[in-house]
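Below is one structure; the comments refer to it alone.
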Amino acid sequence: MNKIENSFLNKDQFGDDFLWGVSTAAFQIEGAHDADGKGSSIWDVFTSQKGKIKNGHHALTACDFYNSYQNDIDLMKELNIPNFRFSISWTRIMPTGTDSVNQAGIDYYNKIIDSLLASGIEPWITLYHWDLPQSLETKGGWTNRESVSWFSDYVAICAQHFGDRVKNWMVINEPSVFTGAGYFLGIHAPGKKGITNYLKAMHHVTLATTAGAKKVRNLVPEANIGTTFSCTHIEPATQSAKDIEAAKRVDTLLNRTFIEPILGLGYPQADLPVLKKLNNYILEDDLNNLSFDFDFIGLQCYTREVVKSAMLIPYIGAELISAEKRNVISTDMGWEVYPPALYHVLKKFNEYKGIKKIIITENGAAFPDTLSNGKVYDIKRTHYIQDHLEQILKARNDGLNVEGYFVWSLTDNFEWAEGYNARFGLIHVDFETQQRTIKHSGLWFKDFLS
Ligand code: NOJ
């Protein structure tokens with residue numbers, strides 16, 4: 001490794017207690033879609049439908065983490081990664097979502113947890129990373145108010161089985177993304193559309209976040225409990241009053257709608273009037289059940305968005321100007337590479353009084369990697385990570401609260417509607433052979449963490 005490429009960054013600058021890790025999600029890595037009694041999830045169904053995923057990709061095998069987890073844990077150890085974030089597949093544990101528990105699913109996660117601990121790697125569980133049981137979707141999924149109790153029961157099973165060894169828990173991953181893409185736009189599972197589905201899902205997911213967190217608190221009193229939110233730095237396209245107002249509405253939708261009720265501030269209805277329709281679904285006692293005193297908040301930031309007013313766009317009256325149109329450097333996701341976004345969102349979320357601790361639970365980039373002579377020279381990803389770490393350092397030097405950084409992701413994996421073409425890993429995966437190759441970024445991270 002060429003030390004010069006390490007820029008001026010040094011792990012010690014972040015302090016001894018700063019948390020370093022990598023993040024993954026069950027559906028994106030595990031494969032083994034029907035192994036050992038696993039039930040079907042909305043993503044199993046969605047990926048089997050024609051035209052939903054780019055190039056017809058599916059996740060029947062994905063990275064085969066279900067079978068090759070030990071190899072990937074060994075690689076993590078080799079890369080000096082001390083914390084591993086992964087999610088539990090609800091249908092491995094409860095194939096139909098409620099009632100019966102599948103012991104083989106419990107055994108599987110026990111093996112992962114035990115193997116991590118034996119390797120000196122701390123497990124961080126995400127309880128819900130988007131793979132709702134299909135049998136619950138047939139009852140309306142998150143649009144059904146009963147989803148709150150289905151979820152709490154599932155959380156209780158996880159807490160009872162894994163809480164003796166797992167300290168770190170995240171309840172829900174990126175609620176605004178999976179409700180927006182899955183229940184409003186229909187481009188993610190379960191493919192539902194429309195404002196009514198979206199608002200119902202939004203409210204029930206928010207209630208479930210709190211209900212799930214309370215369950216973990218009761219059953220694992222010492223747990224370190226968080227939940228994760230996607231966040232994006234928003235800027236108006238011009239300084240016109242119309243664009244500034246439009247940017248404010250987009251900021252409300254993308255950054256505030258889910259976290260503010262959790263922090264006890266209620267839904268930000270004044271700044272996004274369509275949220276007033278939520279009142280149709282809020283029952284009397286709900287306002288007392290929306291907030292929870294989380295030990296940490298996970299923020300996941302990848303880019304910024306530039307917004308202009310577009311009054312013909314329903315509900316939001318705004319449009320995002322793509323990175324391509326702005327002619328700026330972007331990743332394979334079409335997201336602008338703009339490291340200061342991370343500093344800006346940290347500053348913004350630091351303004352909330354109720355957040356005890358902020359951890360960046362995801363950040364990373366998809367670039368077109370090529371494997372040549374057994375090496376992947378993904379220098380753009382290395383720089384992306386270094387540049388974002390510099391922003392974190394700047395934030396810490398300015399006294400802002402940010403106490404950890406998890407790279408998305410350990411290996412290339414199934415990137416939802418984008419399939420396998422968007423590669424985010426520190427480790428390259430050949431999806432034909434399941435061969436792993438540590439990329440330049442992974443070698444740099446290893447060196448940095450040593
Ligand atoms: C957000 C999601 O949590 C994760 O599943 C996804 O793969 C990454 N960000 C990249 O899009």
Side-chain angles (χ1 to χ4, degrees), residues 21-31 41-44 46-47 53-54 57-59 62-63 65 84-90 124-132 169-182 185 187-189 205 209 226-233 254-255 258-259 297-305 320 323 330-338 341-342 345 359-369 378 380-381 384-385 388 404-427 429 431 441:
V22 286
S23 289
T24 62
F27 191 77
Q28 296 179 269
I29 61 170
E30 284 179 0
S41 79
I42 54 174
W43 272 97
D44 289 311
F46 194 70
T47 47
I53 312 297
K54 259 192 199 161
H57 288 170
H58 55 71
C63 309
F65 185 80
F84 180 50
R85 175 178 172 228
F86 61 99
S87 76
I88 305 280
S89 155
W90 188 336
W124 292 64
I125 284 182
T126 307
L127 287 158
Y128 185 78
H129 203 124
W130 305 0
D131 45 356
L132 188 78
W169 298 78
M170 282 151 283
V171 181
I172 298 264
N173 180 68
E174 293 198 351
S176 72
V177 176
F178 81 82
T179 57
L185 299 172
I187 56 172
H188 274 191
V205 166
T209 308
T227 196
T228 74
F229 299 98
S230 58
C231 53
T232 306
H233 174 53
L254 298 185
N255 292 322
F258 283 87
I259 194 169
I297 292 295
L299 296 183
Q300 322 200 137
C301 174
Y302 289 83
T303 190
R304 76 165 158 183
E305 294 292 354
L320 306 181
S330 60
T331 68
D332 274 1
M333 298 295 284
W335 300 340
E336 181 184 4
V337 176
Y338 186 69
L342 192 48
V345 300
I359 298 174
I360 300 299
T361 39
E362 283 184 27
N363 173 251
F367 288 116
D369 303 321
D378 61 333
K380 286 188 187 165
R381 183 174 294 98
Y384 180 99
I385 295 172
H388 283 79
Y405 177 83
F406 286 59
V407 177
W408 183 272
S409 183
L410 176 66
T411 59
D412 295 333
N413 58 44
F414 179 77
E415 178 55 30
W416 310 111
E418 301 300 313
Y420 296 101
N421 290 348
R423 292 179 175 271
F424 277 91
L426 295 171
I427 298 173
V429 177
F431 289 101
S441 57

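Fair warning: this is a prediction, and the values are worked out from it, not measured in the lab. Below, all heavy atoms of this structure are taken into account, side chains as well, without hydrogens, waters or symmetry copies. First listed ligand is number 1; within each ligand, the first listed atom is number 1.
Between the side chain of Trp90 and the backbone N or O of Asp131, no donor-acceptor pair lies under 3.5 Å.
Checked for salt-bridge contact, Asp378 and Arg423 miss the test: no charged N lies under 4.0 Å from a carboxylate O.
Here Phe178 and Tyr128 bring their ring centres to under 6.0 angstrom of each other. Ring centroids of Trp408 and Tyr302 are separated by 6.0 Å or more, keeping the two rings apart.
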Chi angles and distances behind the side-chain contact (heavy atoms from CB on, under 4.5 Å) call for Val429, Asn413 = CA-CA 8 Å; Val429 177; Asn413 58 44; over 6 Å; no
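Among protein residues, Gln28, His129, Trp130, Asn173, Glu174, Gln300, Tyr302, Trp335, Glu362, Trp408, Glu415, Trp416, Phe424 come within 4.0 Å of ligand 1, judged on heavy atoms.
One side chain, Ser230 or Ser176, offers a donor N or O that lies under 3.5 Å from an acceptor on the other.
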